[in-house]
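Just the heavy atoms: all of them, side chains too, but no hydrogens, waters or symmetry mates, feed the values below. Both ligands and their constituent atoms are indexed starting at 1 by order of listing.
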Amino acid sequence: MSGKNEQNHKHSEHKIINEYKHDFQESTHKPEAGDTRSSFSNRIGFVLAAAGSAVGLGNIWRFPYLAAKYGGGSFLIVYLLLVISFGFTLMVTEIALGRKTGKSAIQAFSMLQHKWGFVGIICAAIPIIITPYYCVIGGWVAKFFVAFVTGQGTASAADGYFNNFIGGTFSPLIWFVIYLALTCVVVLLGVKDGIERASRILMPLLIAFLIGITIYSFTMDGALEGIKFYFTPDLSKFTPALFLAAMGQMFYSMSLAMGIMITYGSYMKKSDHIEASVKQIEWFDTGVAMLAGLMIVPAVFAFSGGDENAVNAGPGMMFVTMPKMFTSMGISGNIVGAIFFLLVLFAALTSSISLLETVVSIFADKLRISRLKACIISFSLTFVLGVPSALGFGKLSMISIGGMSFLDMCDFITNSVLMPIVALLTCIFVGFVIKPSTVISEIETNGIFKRKGLYIVFIKYVAPIMVLAILISSVMNSLGLITL
Ligand code: PHE
């Protein structure tokens, strides 16, 4: 490359980074109407930012334990079908609504149709409930990272270590506060652009690590059973509960049905192609989840011989199985474990930052207060709501409904109740109130919309009927009206 070319290249790269930086700072300050809204510098910038929000604990911690609980292959099939149909439809819709209105969820709905503003309000409640318990689990990851860095990997692999830790009084609380503080500092100082740039290196590294550990996990005795289980569908597991869980996981993992993608869309350039971007985000997010499952599930089988309790370990699965696997690597295990938990911590941070940013902007917009005040309210609320989740396995375990801990309850209410409701309302709103053509014309501002036919059928009929059927049957099932 000639010197001049190189300079030009550097210059344009610098420009892109600066615009990107500006965009994120701007996203923390909602511009008033009439302000020109900045946008992502290019499609890659948009895709990376959206993927940073999407790839997180949902993929590495949540997906594998759900896949194991719901019969491996059965869950995978339903999940994949949902992602390419429903997930695609909803993500395209949210991004298009955001770009069209140039607003975040709370204003976008009411701007398009005043009476429908309430959907934006339900959207707003979701990140307020998710952020606290997300930070509790982020704290667990931080704790395990420090355990491995300080050479206590073997101790952390001992039976009962994880349960003792989350059942304690100070420990889970302290780690929750540490993680929350980390997230708050980034949100407050706006050092987000640095984090985003670092994630360009750390995300690929995380994937490389996942692949490496997956290969190792395949070499363990008994892993083959786990691989078979992971891919073979169990017909008896195709229940409404599985469908509900897979749907909730899809919303959660792709950061859908809570208005976040509407906000991201509002910063997307008119010249970018929405459909192509959505396909990239969806494959990236799903790929990481699949890989994480392939890494953990065979290991669970290798260590437990497919024991029911281990397969159904739930939220603790990653924290019980991964330390065992690292310890089995011998002396290098501490290093591998430390790097693994550090990368997971990073992926979690990029997601919790986008969650907390959303909460801050909701308060700043709705209460018309300064950003600093909105930060103080959001941080305090997240702390207060996080305490019962942090202590829900120990001191506050009496707060439970139907055997669910407080953390599980928050997870259930958002993923299995509120998000399906938002998704249903969004489909009805677009399908019958503002009409699919509103979204389609936004997507077709530059190029054709390849899955247009599928989109219309889905948004009007298939998706809403599917959500309703899944919601009703699982409510009836849990009330004991039907047994499935
Ligand atoms: N999608 C993130 C994950 O998989 C969670 C998240 C949801 C982040 C909503 C931001 C907004 O971990």
Quiz item: What atoms of ligand 1 come within less than 4.0 Å of a heavy atom belonging to Ser253?
Solution: 1 (N), 4 (O)
Quiz prompt | salt bridge (Lys or Arg N to Asp or Glu O under 4.0 Å) between Arg99 and Glu442, worked out | solution = CA-CA 8 Å; Arg99 194 170 72 173; Glu442 183 61 34; 2.8 Å; yes
Quiz item: When you measure from atom 4 (O) of ligand 1 to each heavy atom in Ala257, Ala54, Ser352, which option holds the nearest one?
Solution: Ala54
Quiz item: Taking only heavy atoms of Ser354, which atoms of ligand 1 are found under 4.0 Å from at least one of them?
Solution: 10 (C)
Exercise. Identify, for atom 6 (C) of ligand 1, the protein heavy atom at the shortest distance, and state residue, atom and that distance.
Key: Ser255 OG, 3.7 Å
Quiz item: Nearest to atom 7 (C) of ligand 1 by heavy atom, Phe63, Phe251, Tyr252: which?
Solution: Tyr252
Quiz item: Do Tyr134 and Thr183 have side-chain N/O donor and acceptor atoms under 3.5 Å apart?
Solution: no
Quiz prompt | Ring centers of Phe88, Phe458 separated by less than 6.0 Å | solution = no
Quiz item: Among protein heavy atoms, which sits nearest to atom 8 (C) of ligand 1, and what does the distance come to when rounded to 0.1 Å?
Solution: Ser53 O, 3.4 Å
Self-check item: Interfacing atoms of ligand 1 (cut-off 4.0 Å, heavy-atom, Asn59)
Solution: 4 (O)
Quiz item: Can you tell me if Ser255 and Tyr264 form a side-chain donor-acceptor pair at under 3.5 Å?
Solution: no
Quiz item: Judged by non-hydrogen atoms, does Tyr134 sit under 4.0 Å from ligand 1?
Solution: yes
Exercise. Using a strict cut-off of 4.0 Å, indicate which atoms of ligand 1 neighbour a heavy atom of Leu57.
Key: 12 (O)
Exercise. Could you check Val422, Ile428, Leu424 and say which one makes a side chain to side chain contact (heavy atoms under 4.5 Å, CB included) with Thr426?
Key: Val422
Quiz item: For atom 9 (C) of ligand 1, which candidate among Met258, Gln249, Arg62 provides the closest heavy atom?
Solution: Met258
Practice problem: Check each atom of ligand 1 against the heavy atoms of Ile260 and keep those under 4.0 Å away; list them by number with element. | Solution: 9 (C), 10 (C), 11 (C)
Quiz item: Looking at the rings of Phe340 and Phe209, which for Trp means the six-membered one, are their centres under 6.0 Å apart?
Solution: no
